[in-house]
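Note sheet for the following structure.
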Amino acid sequence: MAHPVTRRTVEVDGTELSYLTAGEGDSPPLLLLHGTFWSRVWAPVLPQLAQTARCIALDLPGFGASAGELTPEQATIPALAETVLHAGRALGLDTFDVAAHDIGGGIAQHLAATTGSVRRMVLMNSVMFDSWPVPAVERFRDPQVREATSQDELLTARATSTRGSTHRTLGEDELADYLSPWQDPARVRSWMAMAAAADARYTLDLVPALQEAAIPTRLVWGRDDDFQKIEYARRYVAEIPASDLVVVEGKHIPTEDSPDEVARAIAEHLAARS
């Protein structure tokens, strides 16, 4: 049975945050986080995941369909983790499973290491250790670069990055959908704020706590990712207890290249809940 995907909002710290949701209200909650994209990265797998979970794919403030605008101070991993935790509380979630992509994976690791709220975790082509920021993001840590970058220039850069994130060629409508949030200048500034706040120390500093917490974690990885290399996923599994790796065909957004395989890998991991 196909589960419909709907978009809803929740007020978090005075800001209306948008999220995609699918699944029965009494199913175990799965919070899905994005990084430098938005909740659109999870759309291909939500109907399948909704068969066993109550899926909530959140747009961070200033991203996707959410209101608000991030500053660099609000866009650090710890600050975003606090926002996500508040969103979970606003949605009635004391504990939850989490699946996260890209910088969202850094947020998930922070939640897993510090809050006691995460039951099981999935990291999909996620930042970790010192794997980030990648050059295309790191350049925006320079305030002069941010100041000099126009909305059209960022849209062009995001189009290039999106095209480089999948094996299959996205259709023009799909690409336009991915890029649609950055038609809004506030979302352009929020993206640049996230880039400005990108700092590997936020994930490196979590390693001892992640090792101690040993949250059951599955890494799901597009094998040909040019941004987050699979070698980091293998290192995570070698260094962090209770973790394993499932490799799928694809690049940085494997939900677009191998949606069935990604959904199955996530569902199998969540099905092992005690």
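Fair warning: this is a prediction, and the values are worked out from it, not measured in the lab.
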Item to complete: Examine distances only and state if a side-chain atom of Thr149 and a backbone atom of Val145 form a donor-acceptor pair shorter than 3.5 Å.
Response: yes
Discussion item. Considering only residues two or more places apart or on different chains, which pairs with a residue in residues 137-156 satisfy salt bridge (charged side-chain N to carboxylate O under 4.0 Å, His left out)?
Written reply: Arg141-Asp199
Discussion item. Within the 4.5 Å heavy-atom criterion, are Cys55 and Leu32 side-chain neighbours or not?
Written reply: yes
Item to complete: Compare all side-chain heavy atoms of Ile103 with those of Ile77 and state whether any distance is below 4.5 angstrom.
Response: yes
Worksheet entry | Euclidean distance, Met128 CE relative to Leu219 CG, rounded to 0.5 Å | 4.5 Å
Discussion item. Looking at every heavy atom in both Ala263 and Leu49, which two are closest together, and how far apart are they?
Written reply: O-CD2, 3.6 Å
Worksheet entry | Check: Asp260 and Val262 side chains under 4.5 Å, non-hydrogen atoms | no
Fill in: Nearest heavy atoms of Asp244 and Val237, plus distance in Å
C-CG2, 3.7 Å
Worksheet item: Going by heavy atoms in the side chains, are Val122 and Val98 under 4.5 Å from each other?
Response: no
Discussion item. Working to the nearest 0.5 angstrom, can you tell me the gap between Phe129 CZ and Gln109 CD?
Written reply: 8.0 Å
Discussion item. So, using salt bridge (Lys or Arg N to Asp or Glu O under 4.0 Å) as the criterion, who are the partners of Glu82 when residues are at least two apart?
Written reply: none
Discussion item. Side chain to side chain contact (heavy atoms under 4.5 Å, CB included), that's the test. Do Thr76 and Tyr202 meet it? Break it down for me.
Written reply: CA-CA 8 Å; Thr76 66; Tyr202 293 125; 3.4 Å; yes
Worksheet item: Is it true that Arg223 and Glu249 make a salt bridge, defined as a side-chain N closer than 4.0 Å to a carboxylate O?
Response: yes
Discussion item. Using the rule given for ring pair (Phe, Tyr, Trp, His ring centres under 6.0 Å), can you reason through Phe227 versus Trp132, listing the C-alpha separation, both sets of side-chain angles and the distance that settles it, and then say yes or no?
Written reply: CA-CA 9 Å; Phe227 300 113; Trp132 67 301; over 10 Å; no
Item to complete: With sequence neighbours excluded, tell me which residues meet ring-ring contact (aromatic ring centres under 6.0 Å, His included) with Phe96.
Response: none
Worksheet item: So which heavy atom on Asp94 is nearest to which on Ser117, and how close?
Response: O-OG, 3.3 Å
Response to the item:
When rounded to the nearest 0.5 Å, the distance separating CG of Asp97 from CG of Leu31 is 10.0 Å
Worksheet item: For Glu261, what residues pass the side chain to side chain donor-acceptor pair (under 3.5 Å) criterion, not counting sequence neighbours?
Response: none
Worksheet entry | Side-chain heavy atoms of Asn125 within contact of Pro254, under 4.5 Å | yes
Item to complete: Would you sort out whether Glu268 and Arg218 count as a side chain to side chain contact (heavy atoms under 4.5 Å, CB included), showing the intermediate values?
Response: CA-CA 10 Å; Glu268 286 175 352; Arg218 169 157 288 179; 3.6 Å; yes
Practice prompt. Ignoring hydrogens and angles, tell me if any N or O in the side chain of Thr9 forms a donor-acceptor pair with the backbone of Ser18 under 3.5 Å.
Written response: no
Discussion item. Tell me every residue that passes ring-ring contact (aromatic ring centres under 6.0 Å, His included) with His101, counting only those two or more places apart in sequence or in another chain.
Written reply: His252
Response to the item:
Asp177 meets the salt bridge (Lys or Arg N to Asp or Glu O under 4.0 Å) criterion, sequence neighbours left out, with Arg40
Item to complete: Go through the steps for Thr162 and Leu170 under the test side chain to side chain contact (heavy atoms under 4.5 Å, CB included), then give the verdict.
Response: CA-CA 9 Å; Thr162 304; Leu170 296 175; 3.7 Å; yes
Discussion item. Check for me whether Arg163 meets the cation-pi criterion with Tyr178, that is, NZ or CZ under 6.0 Å from the six-membered ring centre and within 45 degrees of the ring axis.
Written reply: no
Worksheet item: What distance separates Met121 CE from Leu210 CG, expressed to the nearest 0.5 Å?
Response: 6.0 Å
Worksheet entry | Whether Gln151 side chain and Trp182 backbone form a donor-acceptor pair below 3.5 Å | yes
Practice prompt. Scan side-chain atoms only and decide if Arg264 and Ser258 contain a donor-acceptor pair under the 3.5 Å cut-off.
Written response: no
Worksheet item: Among pairs that include at least one residue of residues 228-237, which meet salt bridge (charged side-chain N to carboxylate O under 4.0 Å, His left out), considering only residues two or more places apart or in two chains?
Response: Asp130-Arg235, Arg235-Glu239
Worksheet item: Are Pro47 and Val5 close enough that some pair of their side-chain heavy atoms sits under 4.5 Å apart?
Response: yes
Discussion item. Show me the pairs that pass salt bridge (charged side-chain N to carboxylate O under 4.0 Å, His left out) and involve residues 5-20, at least two apart or across chains.
Written reply: Arg7-Asp59
Worksheet, complete the sentence: Sorted by chain and residue number, the side chain to side chain donor-acceptor pair (under 3.5 Å) partners of Gln228 (sequence neighbours excluded) come out as Ser131
Worksheet item: Are side-chain N/O atoms of Trp42 and Thr255 paired as donor and acceptor at under 3.5 Å?
Response: no
Response to the item:
All heavy atoms of Pro29 vs all of Arg119, minimum pair found to be CD-NH2, 3.4 Å
Discussion item. How long is the straight-line distance from CD1 of Ile56 back to OH of Tyr19, given to the nearest 0.5 Å?
Written reply: 6.5 Å
Worksheet entry | CG-OG1 distance between Leu33 and Thr83, expressed to the nearest 0.5 angstrom | 11.0 Å
Discussion item. Looking at Arg54, is its backbone amide N or carbonyl O close enough to the side chain of Ser27 to form a donor-acceptor pair, meaning the two atoms are under 3.5 Å apart?
Written reply: no
Worksheet item: ring-ring contact (aromatic ring centres under 6.0 Å, His included): which pairs involve residues 48-69, sequence neighbours left out?
Response: His34-Phe63
Worksheet item: Heavy-atom distance under 4.5 Å between the side chains of Tyr236 and Leu245, does that happen here?
Response: no
Response to the item:
Residues passing the side chain to side chain donor-acceptor pair (under 3.5 Å) test with Thr36, sequence neighbours excluded, are Asp102
Discussion item. Quick check: closest heavy atoms across Val84 and Leu60, and the distance to 0.1 Å?
Written reply: CG2-CD2, 3.8 Å
Worksheet item: Where the side chain of Asp257 meets the backbone of Lys251, is there a donor-acceptor pair that is under 3.5 Å apart?
Response: yes
Worksheet item: Is any side-chain heavy atom of Trp191 closer than 4.5 Å to a side-chain heavy atom of Pro181?
Response: no
Response to the item:
Scanning both residues in full, the closest heavy-atom pair of Val127 with Gly106 reads CG2-N, 3.7 Å
Fill in: Glu174: partners by side chain to side chain donor-acceptor pair (under 3.5 Å), with sequence neighbours left out
Arg168
Worksheet item: Passes side chain to side chain contact (heavy atoms under 4.5 Å, CB included), Leu155 versus Gln183? Steps please.
Response: CA-CA 8 Å; Leu155 269 170; Gln183 303 291 342; 3.9 Å; yes
